[in-house]
Amino acid sequence: MFQKQGFLMDQVDVCVIGAGHAGCEAALACARLGLETVIFTVSVDSIALMPCNPNVGGSSKGHLVREVDALGGEMGKNIDKTFIQSKMLNVSKGPAVHSLRAQADKADYSRSMRGVLERQEHLTVKQAEVTDLLWEESEKDSIKKIKGVKTFTGAVYECRAVVLCTGTYLRARCLCGESITYTGPNGLQAANHLTDSLKDMGIELRRFKTGTPARMERKSLDFSKMEEQLGDERIVPFSFSTDPDTIQKEQVSCYLTYTNEKTHEIIRANLDRSPIYAGIIEGTGPRYCPSIEDKVVKFADKERHQVFIEPEGLHTDEMYVGGMSSSLPEDVQLAMYRTVPGLEHCKIVRNAYAIEYDCIDATQLYPTLEFKKVSGLFAGGQFNGSSGYEEAAAQGLVAGINAAMWILGKEPLVLDRSEAYIGVLIDDLVTKENFEPYRMMTSRAEYRLLLRQDNADLRLREKGFHIGLVSEEEYEAVLKKKSLIEQEIRRLKSVTVGASEKYQVFLEKYGSSPLKTGSSLAELMCRPELDYKKLGEIDPERKELPEDVIDQVEIEIKYEGYIERQLRQVEQFKKMEKKKIPVDIDYDAVPSLRIEARQKLKNLRPVSVGQASRISGVSPADISVLLVYLEHRKEKI
Amino acid sequence: MNTDTIAAIATALSHSGIGIIRISGAEAVDVADRIYRDKKGFQAMRSMKSHTIHYGFIVDEKGETIDEVMVSYMKGPKSFTAEDTVEINCHGGILVLNRILELAIKNGARLAEPGEFTKRAFLNGRIDLSEAEAVMDVIRAENDMALKSSVSQLKGAVSSRIRKLREKIIYEIAFIESALDDPEHISLDGYREHLGEILEKLLRETDALLSGADDGRILKEGIRTVIVGKPNAGKSSFLNLLLGKDKAIVTDIAGTTRDILEEHILFKGIDLKLIDTAGIRSTEDIVEKIGVEKTREYARNADLILFMADSSVPLDENDEEIIKLTSSKKCIVLLNKTDLEPVVTEDMILKAFLSQDRKDLKIIRISAKESTGMEEFEKALQEMFFRGEISFENEVYITNLRHKEALQDARDSLLMVEKSLKEDLPEDFYSIDLMGAYASLGRIIGEEVSDDLIEEIFSKFCMGK
């Protein structure tokens, strides 16, 4: 039974609320799997909008994009079409932390994604503010069932599943010093009604905040006082489906400059006018992208902070001032920015501001991103308490896939912590208490040697194929790659070289100690001073192999010891993940659990013993007890 | 069965002369085979039939015999845990049991978690379902006990050293990680050299802790040994002799030791928590009276009482009072001041103890002043200890073994970092093993890793856009 009256507009399979990076992936996934899907946005001009930084990827975020791509998502393909500079970060470090980041032409990115949505079969784009969710109570238990959505104008869309991707729009307000506007990012209309409907359903909401720096007029800046930051010479695409040769192009530069003592003085003198320090902002902000006020206060001993000046696109003069997000009043902003070398005469196009919004504590969700209390209701993106375009896209994709799987009656997609950064991201969100917008970080991934950006296709293409988002052609390409890698590794391990003159000369040339006995080529490759390419000189039987295959061969051989250690840890980890906890478990009936653990388990209702073990306040002893109980219960049934 | 192999001491040590070490799991026989030799000195585990028991020896890596033992082998599923199980029956004595257990661990077994044998027995269907609740209680209790002792038995100074060590490690990890996450803001230039130096210090500190663990110095408790006797019987002099330094105040004036002195020492391989007490005599001096009361309390809680008798003056009612304190306690009588004209004989002591119906009261003649009789004392102490007559909760030793294992793990992880540094591996590899060391050290003080790293990164390093 519907809670409110309206007129029936349409009957579809899936409604996606919000067309940001999460919503786009969710809607595309559902539509591509053949489900009739509507995607709602407060403004069709803001589809896949990048309201903050003008780039995609970066440390560990680049991994997410790669994984989204491997599963059949759109973000990687879209940035490959619209980037204006590209850089592989951390190349001097290990392969696990290499991370791709591209500067986007923001308008182009948005336009391109809009085109993809519009051309997608089974997908309807609708400009409307969804104000109500429609649901019915279940007869047998307390779990509600989603029935549809209603828009501000009373249009009802009946559907089987809803994916919430409201980003930062729910009851949003923007703060710039003493000035407060009740809008979403970029002055866009906020969504002020949906919160009540969510609360009616028993969903608990919280308030988070984030911020963005000013945009400046390019011609007002003096780049001669800054360091130019170039893109890579050879551009690596994000998508495994993009041919690298097709995207080599001229790139634009970013620029680096620094704050100084003068900047900090101005900030300190005006802290009382900052909404955060004056206590006007109630939401919790992220520590990893602190405002410049935060940096100056918390790291008082730092003499300067980096400022990256990044173009917002090719067809605009606006420049993004990375590193200096702020909610100080406009006059203070201008004074503070003008102390920075190169910014002395800057003109601000858009002021920096902080934004506050409603979101949820994602522990209300299953790892499938479905609400525990409402069947058919899924959520992804910043609404789940995360931050960042890439984190949003990753969750949107998973939420969309699982909404589809749910409707189609198929196995849901749940990636665990050993399979993908996406798995780490979602597990953290749905398991741990999270007090600030969650950002992906490489240090959060305990098996990161296995979760490299270079092998995301090897890890996830197969899953994407079985779900139905990866084409047969794409899947076969990865199978071929896999077999080439395996063959080559086997060959390098079996080909041995002796201590003869020819090889000793080779080794000497590269400052490598001479051989006393025979050694396989793989063993030689493990030496820090040698690599696959150099070994070509003494490896005449070698076949011509694609670059990406060689990379895998090299990584797997060179870091074999470490990789094997992590694989062993993963084995242990998987044991606990595989032990599922029945949904109807009564924790009060489990003897010997400590009270705190009992409460946490009752609230969170983890799906596996592995997940239970990651809940803070649940000790190893509680886990032991739980295991014994589950075994006991199994026997009884 | 797809489980790893675990080992632990399966018997309570306090009352028994014989102790059993149980090894259970797929590799139980392999582990035992590496440390057990039959009477001819051969490896004989593999030819052993299930459910038979054999005489032989446990030998260490150098081939030295640690103890003569009886070893039994029970092939799974016909064993307590339903896994392949080897049980080593040895002469008990905590030290010996402990060494054998350590040897088993060095040779491929893992120290069993609290309640793990019971858990395995249950999970493998060996324990009736109706007992499930009891099983869970056992696991709970053993875990709580282990955790409690793990933390509480650690000396305060040691746990603060471990905390400091962990702080240093997490700082380095956070630095590396923040640079990986934000390479444009935080640079790792020149970091290798810096880490090399830090690592050297970390290793030195870990080594120091390990050598402390080797002789039990990291634990608070030993065998509570209380020295009692009337004033000026020579208790403090004797304590000093054991300690090898002038700690207690020694004068000829009766009643000088008014406070209770505590010292923890490793005496010939035995962990003693020595408590020197005020002399007992009827007294009106308030301060001294408090001391006397305390003495009585300590005596009540003692594992072993050393009764110091002054052989140069006749036994009096004070001695009688003290002898009363020793009833139902293990006791060694030290007949001190043999350098002086003896007034008290051994027979007189025996007579004084008559009411306690002791079978073989140990009386040792010593002179604390001239350091004589110490060898006899040492022998008596060791005999009592290895016969299991004196002991304390075995949990202490197990705890120590856990600590040692964790310290060793931490050290191994640090050595891996050193190796990665030498091999010039990229920085992200260092943090993997630094994290391993951090987690291992955390096990000692009962702290989990959880989100420490993220907290550290945000609190110490300025990240981001």
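Naming convention: chains lettered A, B, ... in sequence-line order (proteins, then strands); numbering from 1 in each chain.
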Sort out for me which of [options] touches chain B most, counting heavy-atom pairs under 4.5 Å.
| options | value |
| --- | --- |
| A/Asp294, A/Val590, A/Thr442 | A/Thr442 |
| A/Arg448, A/Gln566, A/His305 | A/Arg448 |
| A/Lys302, A/Gln229, A/Arg444 | A/Arg444 |

Query raised in the report: Using non-hydrogen atoms only, which part of B/Ile176 is less than 4.5 Å away from chain A: side chain, backbone, both, or neither?
Result: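 Looking at B/Ile176, nothing touches chain A.
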**Report entry** Interface moiety of B/Ile173 toward chain A, non-hydrogen atoms closer than 4.5 Å
**Finding:**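 Contact with chain A: none, neither part.
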Are [X] and [Y] close enough for a salt bridge, meaning some N to O gap below 4.0 Å?
| X | Y | answer |
| --- | --- | --- |
| A/Lys93 | B/Asp428 | no |
| B/Glu423 | A/Lys558 | no |
| A/Lys87 | A/Asp232 | no |
| B/Glu172 | B/Lys168 | no |

Query - Residue A/Arg565 versus chain B: region with a heavy atom under 4.5 Å - result: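 Contact with chain B involves the side chain of A/Arg565 alone.
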Query raised in the report: Using non-hydrogen atoms only, which part of A/Leu449 is less than 4.5 Å away from chain B: side chain, backbone, both, or neither?
Result: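 A/Leu449 touches chain B through side-chain heavy atoms alone.
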Query - Pairing residues for A/Tyr559 by the ring pair (Phe, Tyr, Trp, His ring centres under 6.0 Å) criterion, not counting sequence neighbours - result: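 Ring pair (Phe, Tyr, Trp, His ring centres under 6.0 Å) check on A/Tyr559 returns B/Phe429.
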**Report entry** Set of ring pair (Phe, Tyr, Trp, His ring centres under 6.0 Å) partners for A/Tyr629, sequence neighbours left out
**Finding:**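 In terms of ring pair (Phe, Tyr, Trp, His ring centres under 6.0 Å), with neighbours along the sequence ignored, A/Tyr629 is linked to no residue.
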